[in-house]
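Residue numbers begin at 1 in each chain, while the letters A, B, ... track the order of the sequences.
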Protein chains: 6
Amino acid sequence: MTTSRPHGRAPASLRPIRITRGYTKHAEGSVLVEFGDTKVLCTASVEERVPPHQKGSGEGWVTAEYGMLPRSTHTRSAREAAKGKQSGRTQEIQRLIGRSLRCVFDLKVLGERTITLDCDVLQADGGTRTASITGAFVAAADAVNGLIAAGKIPASPIRDQVAAVSVGILAGTPLLDLEYVEDSACDTDMNVVMTGAGGFVELQGTAEGAAFSHAEMLQLVSLAEAGIRRLVELQKAALAGTPGQAVEG
Amino acid sequence: MTTSRPHGRAPASLRPIRITRGYTKHAEGSVLVEFGDTKVLCTASVEERVPPHQKGSGEGWVTAEYGMLPRSTHTRSAREAAKGKQSGRTQEIQRLIGRSLRCVFDLKVLGERTITLDCDVLQADGGTRTASITGAFVAAADAVNGLIAAGKIPASPIRDQVAAVSVGILAGTPLLDLEYVEDSACDTDMNVVMTGAGGFVELQGTAEGAAFSHAEMLQLVSLAEAGIRRLVELQKAALAGTPGQAVEG
Amino acid sequence: MTTSRPHGRAPASLRPIRITRGYTKHAEGSVLVEFGDTKVLCTASVEERVPPHQKGSGEGWVTAEYGMLPRSTHTRSAREAAKGKQSGRTQEIQRLIGRSLRCVFDLKVLGERTITLDCDVLQADGGTRTASITGAFVAAADAVNGLIAAGKIPASPIRDQVAAVSVGILAGTPLLDLEYVEDSACDTDMNVVMTGAGGFVELQGTAEGAAFSHAEMLQLVSLAEAGIRRLVELQKAALAGTPGQAVEG
Amino acid sequence: MTTSRPHGRAPASLRPIRITRGYTKHAEGSVLVEFGDTKVLCTASVEERVPPHQKGSGEGWVTAEYGMLPRSTHTRSAREAAKGKQSGRTQEIQRLIGRSLRCVFDLKVLGERTITLDCDVLQADGGTRTASITGAFVAAADAVNGLIAAGKIPASPIRDQVAAVSVGILAGTPLLDLEYVEDSACDTDMNVVMTGAGGFVELQGTAEGAAFSHAEMLQLVSLAEAGIRRLVELQKAALAGTPGQAVEG
Amino acid sequence: MTTSRPHGRAPASLRPIRITRGYTKHAEGSVLVEFGDTKVLCTASVEERVPPHQKGSGEGWVTAEYGMLPRSTHTRSAREAAKGKQSGRTQEIQRLIGRSLRCVFDLKVLGERTITLDCDVLQADGGTRTASITGAFVAAADAVNGLIAAGKIPASPIRDQVAAVSVGILAGTPLLDLEYVEDSACDTDMNVVMTGAGGFVELQGTAEGAAFSHAEMLQLVSLAEAGIRRLVELQKAALAGTPGQAVEG
Amino acid sequence: MTTSRPHGRAPASLRPIRITRGYTKHAEGSVLVEFGDTKVLCTASVEERVPPHQKGSGEGWVTAEYGMLPRSTHTRSAREAAKGKQSGRTQEIQRLIGRSLRCVFDLKVLGERTITLDCDVLQADGGTRTASITGAFVAAADAVNGLIAAGKIPASPIRDQVAAVSVGILAGTPLLDLEYVEDSACDTDMNVVMTGAGGFVELQGTAEGAAFSHAEMLQLVSLAEAGIRRLVELQKAALAGTPGQAVEG
């Protein structure tokens with residue numbers, strides 16, 4: 001039996017990906033990343049201070065915050081600023097983005113400054129956390145290039161690229177880069193974060209309903225590896241391109 | 001003495017204005033409004049319920065929420081969701097937007113449903129509250145048109161248009177539609193909200209530094225009246241145009 | 001058609017005003033201000049420190065906080081301390097009081113200290129924010145006189161008086177100094193803050209229901225100007241009088 | 001050795017006490033109670049609903065809230081509404097006032113309605129909690145009389161009076177009704193709440209510094225018993241008097 | 001008439017008491033205290049810093065925090081960390097524990113460090129606050145002994161023991177050390193905190209329902225005095241014993 | 001090169017495991033689970049209501065809350081109830097426990113009731129989340145058995161067992177069931193949750209420092225599979241045993 005995906009997409013295909021650098025003007029890095037209809041604005045802000053746990057260490061810090069605009073979703077979700085707290089889901093995602101980015105940073109080389117990656121979802125259609133990581137890397141790279149150009153750091157603290165994709169099993173078929181209708185329906189859902197060199201940074205698989213087998217796990221991981229290789233190429237193309245012009249793939 | 005404005009703008013000129021309907025796909029109304037480099041995403045969400053104070057009244061409700069993305073500003077400002085509360089400024093602005101929109105709505109005709117206008121600033125360069133009101137009206141109109149098309153309401157509850165602009169006095173010269181560098185430097189700052197028919201909805205003048213005179217007040221109000229007439233025309237053009245295509249003026 | 005006001009008051013008349021200095025004993029300035037049945041206790045507290053944004057600037061700070069006792073109103077309103085947050089209305093009002101007072105202060109002359117004006121409503125009958133500004137000025141003046149008497153500052157940082165009044169249109173008639181039943185019923189409501197010299201500090205007009213015209217706006221402003229001139233005289237008389245003895249007008 | 005008290009007061013004397021009924025106009029009961037320079041506004045509000053734990057029980061509820069105006073104290077204390085929470089001390093005191101009042105109420109006779117006693121300290125000079133209880137009883141009695149007059153309840157749910165006083169040991173001498181300077185200096189501090197019939201409702205003794213002996217405890221209790229007898233008489237006189245006219249003793 | 005107590009306990013008897021030192025491994029003092037089925041884990045943590053109000057004073061600080069595990073009670077109570085605030089009852093109890101412990105400490109001798117006593121109720125059956133005080137003293141003593149052994153302080157800052165017990169009147173009979181079913185049913189409830197030398201530290205009597213008489217008060221105090229003498233002996237035995245081995249009585 | 005583990009443990013060995021049912025008396029299920037020095041009290045509470053999203057669905061709900069006693073850790077960590085919010089880590093863990101348990105529950109068979117699993121860490125030494133899941137399953141099973149015994153549900157809603165363990169790579173060697181010193185030092189850390197039948201419920205691998213390879217991932221997963229098989233046996237033995245008696249392995 002074959003599951004047919006929206007827009008006739010093949011099981012192992014990514015959605016159309018677009019990466020637009022220089023999307024807003026104030027941030028040191030500003031990237032609109034689109035995975036199909038999922039659109040996330042990722043900005044990188046550089047501040048010449050570090051959180052208390054890094055003070056005096058000579059090391060910098062890289063951290064992330066995540067938010068969804070109230071009507072980025074099918075039905076309006078309450079504004080977290082109005083409710084007075086971030087949901088557990090929001091905190092989980094922003095901690096994941098922060099850890100993923102730190103994994104490719106040499107904080108010693110960055111020096112005692114902080115890069116904050118704000119990932120704000122303008123429109124959600126599944127995969128907002130993986131799009132955020134993929135776009136945040138590009139924004140961070142732009143911020144780092146600015147520091148180098150300004151002579152504030154002698155070399156890049158970025159050791160490798162980092163990108164992420166979701167995979168899942170729907171009606172027995174492993175699928176790459178789930179969009180919302182697939183994500184809601186699927187039995188198993190896995191988010192994979194990898195470096196440009198192909199190492200794992202995060203691997204988070206969750207059974208929705210039935211548990212998943214060792215064999216299924218291996219299939220999902222392979223699918224994710226291929227998807228991330230493609231995302232890494234697109235990041236590279238975006239960073240080689242011109243701010244304001246989208247790179248698509 | 002003449003003050004020269006950025007980009008050679010005349011004292012009584014608006015910045016380039018762009019109104020793009022259908023900017024995101026989930027909301028019943030979704031408008032990107034741009035006043036020069038100020039960019040605000042205004043979405044209108046319709047929900048088939050009303051807040052407690054309207055329950056059983058047969059009347060609907062129109063309300064607004066406002067937020068700035070952390071890096072919409074020159075230097076990063078703390079995320080309100082992370083701080084756990086909205087600032088006094090945020091609350092003041094969202095109350096102003098809500099009152100302004102309600103002023104042109106017949107809540108009886110709307111029926112027991114709520115339209116929430118979320119105004120999220122993607123990029124800030126002065127005048128975010130006036131851009132929000134101007135854009136939110138267009139998003140609200142799209143949401144209302146959807147309700148009519150769906151046969152949920154027999155006629156439009158919108159009695160008139162509403163738009164807003166800022167004016168101020170800088171070094172003795174009254175200026176229309178202040179951008180950030182002007183806003184920070186000016187002595188008096190006034191936000192004016194008016195209907196399409198030319199009535200005042202809100203008039204908020206504040207002395208920054210020295211108090212302002214009766215004569216100055218009159219000058220500022222005239223300048224605002226002219227600016228709002230132009231914004232009202234642009235709203236009309238946008239609503240007559242095609243979603244996805246920006247109307248500029 | 002004539003609207004008759006409660007207690008046979010003329011449209012252009014203030015309510016009976018009473019200003020009592022030295023109302024409580026601990027504060028550097030302590031004033032009970034009464035606009036008819038509206039009673040607000042305004043205290044001025046001097047502290048030898050400034051908020052972070054003024055540190056090292058050589059300048060002082062003037063700020064305000066506002067609160068209503070739970071049963072200052074017709075029906076009991078929830079205690080904000082128990083709810084764990086101040087309402088948007090409370091924040092709006094205390095920001096307005098603070099800005100209004102700062103407008104007549106030379107913060108350089110005040111030196112690195114803070115004057116906090118606490119305006120607590122003991123009984124509410126309309127116009128609590130305008131009474132607060134009018135009373136807070138007198139409390140601030142007493143605190144400043146104390147600083148001069150103690151030799152802490154060589155001259156007064158107060159450049160002018162500041163007072164406030166509300167005006168509105170009820171059934172077509174412009175009215176000065178609205179009391180609660182008028183405020184709830186009126187179509188347009190304006191709060192005006194002016195200096196002793198007759199300059200505008202704040203002008204906040206709001207349409208309740210229908211928008212208001214340019215002509216109506218001008219009528220309201222004139223009415224407010226006259227009312228404030230009278231309040232400024234009463235402030236002067238109070239400051240010339242004896243603490244503990246009410247000045248009435 | 002004799003300790004001399006401020007104003008030449010005898011160790012077993014109360015401060016001048018004043019009870020003024022009808023102090024503000026909206027509340028069902030409104031009493032200004034003064035123990036020397038301690039001034040507390042106690043209002044009683046009647047609401048025709050009960051908290052969840054009493055719903056459907058046929059019984060009413062009596063509860064209290066307590067607050068200090070920021071500048072009721074020698075140095076300004078932070079506004080709890082602005083801090084976003086009530087201190088442990090505030091909660092302890094308002095729980096004590098609530099329990100004390102409930103002890104003399106027959107909640108069955110009150111019926112399914114709530115009396116909320118708001119005790120707001122306008123000026124503090126020691127003994128704010130005991131003054132609050134003493135004044136709140138009078139406010140509650142006025143509210144109950146209103147309910148009877150309105151025919152809402154057939155008989156009074158109040159079974160007895162309740163009043164409170166502090167006692168302490170300063171330099172070996174037991175003192176009645178401590179004012180602030182005594183309270184700060186004393187070794188042992190006890191708050192006693194009693195009914196008109198002389199029964200104990202609350203007895204809270206705390207050693208400040210050294211522990212206190214059985215004999216000292218007995219001395220303090222006797223002193224409090226005498227003081228409360230006098231307060232009970234003054235409450236009776238106040239309730240027999242005219243609203244707006246202070247009863248003093 | 002005789003009230004029979006659960007397990008045939010005599011009115012003047014304590015429940016079986018067990019004190020187990022060294023219950024967990026990380027804390028400087030860790031004691032499981034059991035009063036019958038009430039089980040509280042009391043840990044003492046030493047930190048080389050003091051709160052702001054003690055900074056530079058040369059004195060240390062002793063403080064307490066209290067919590068109940070959500071299912072320590074008959075029906076599950078909401079987790080305070082999830083609700084986002086501690087109840088008034090929790091704050092009252094932890095303030096009581098802190099004051100009680102400080103009463104036997106010479107903060108000068110402790111030096112500028114803080115001992116925090118965490119009292120967490122694993123199982124509740126009445127008397128959690130009195131068990132907490134009794135156990136916290138033993139944990140504090142262990143922490144102090146560690147400081148002396150480490151040469152950080154030359155002598156013990158502990159001047160005396162401190163222990164606590166509840167007493168109450170049920171159907172006319174005074175009872176020592178109330179368990180839950182007795183506590184819920186009793187008319188008067190008193191918590192007494194005393195030193196080893198027999199001085200009172202805290203005395204908190206509350207009428208539940210009817211007020212209590214002077215004679216009843218005296219009976220209750222005597223009963224408590226006897227109970228605390230026994231608890232003081234058990235604390236002494238525990239401190240003389242071996243960590244990990246319970247002392248029972 | 002060989003890494004030697006504390007207590008001479010082999011790389012593929014669990015720490016000594018102890019499961020004690022019936023640890024406290026009030027909860028429907030109460031289990032102390034020990035993985036070496038990590039001790040977590042897991043209680044299951046049954047309530048005859050469901051959260052809003054399940055109301056009227058005919059289905060029940062299973063959820064979890066997690067907390068650490070302030071001094072369960074090497075140095076005291078701030079009490080979350082006092083700070084007023086749960087950390088992101090706490091929320092992440094309690095969401096993981098809840099999802100893991102729900103995965104083996106048939107919520108239809110449970111009926112419209114909620115089982116809340118409270119996992120409170122008494123002593124922490126690494127692996128608190130995996131111990132929590134393993135212990136919570138046993139507590140849930142006891143609660144379910146109680147519901148069956150009481151005739152409230154006809155059959156068990158539990159479809160399979162669920163248990164969890166951590167694995168990691170330290171200096172190149174894959175290790176099972178990390179204790180604190182290992183966890184802090186290791187390069188890669190993975191938490192695995194599996195059913196009794198050997199299916200994956202959750203797989204969460206995180207690179208600490210360098211990314212991990214496909215081969216390392218496979219090694220870690222195998223190690224976890226073996227560990228969980230052993231934990232599943234111990235759960236079975238515990239459920240077959242006597243409450244109050246620890247099962248060890």
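Of the listed residues K83(C), E80(C), R76(C), the one with more heavy-atom pairs under 4.5 angstrom with chain D than any other is R76(C). Contact count against chain D (heavy-atom pairs under 4.5 Å) is highest for D37(C) among L122(C), V46(C), D37(C).
Using a 4.5 Å cut-off between heavy atoms, K39(D) makes no contact with chain C at all. Both the backbone and the side chain of S45(C) come within less than 4.5 Å of a heavy atom in chain D. Looking at L41(C), only its side chain comes within 4.5 Å of chain D, counting heavy atoms on both sides. In this structure, the portions of Q86(C) lying under 4.5 Å from any heavy atom of chain D include both its backbone and its side chain. Contact of D118(C) with chain D is made through backbone and side chain together, with heavy-atom distances under 4.5 Å. With a 4.5 angstrom heavy-atom cutoff, K85(C) touches chain D only via backbone atoms. If you measure heavy-atom distances from E28(C) to chain D, the contacts under 4.5 Å come from both the backbone and the side chain.
Counting only distance, with no hydrogens or angles, the side chain of H26(C) and the backbone of A124(D) share a donor-acceptor pair below 3.5 Å. Judged by distance alone, with hydrogens and angles left aside, the side-chain atoms of E65(D) form no donor-acceptor pair with the main-chain N or O of A82(C) at under 3.5 Å.
The environment of K152(C) atom NZ is sparse: at most 12 non-hydrogen atoms of other residues, nucleotides or ligands sit within 6.0 angstrom.
Residues of residues 68-75 of chain D that come within less than 4.5 angstrom of chain C, heavy atom to heavy atom, are L69(D), P70(D), R71(D), S72(D), T73(D), H74(D) in numerical order.
Summarising the geometry, atom OG1 belonging to T43(D) is positioned 11.0 Å from atom CD belonging to Q123(C); distances are rounded to the nearest 0.5 Å. Atom CG in D120(C) sits 8.5 Å away from atom CG in D120(D) (nearest 0.5 Å).
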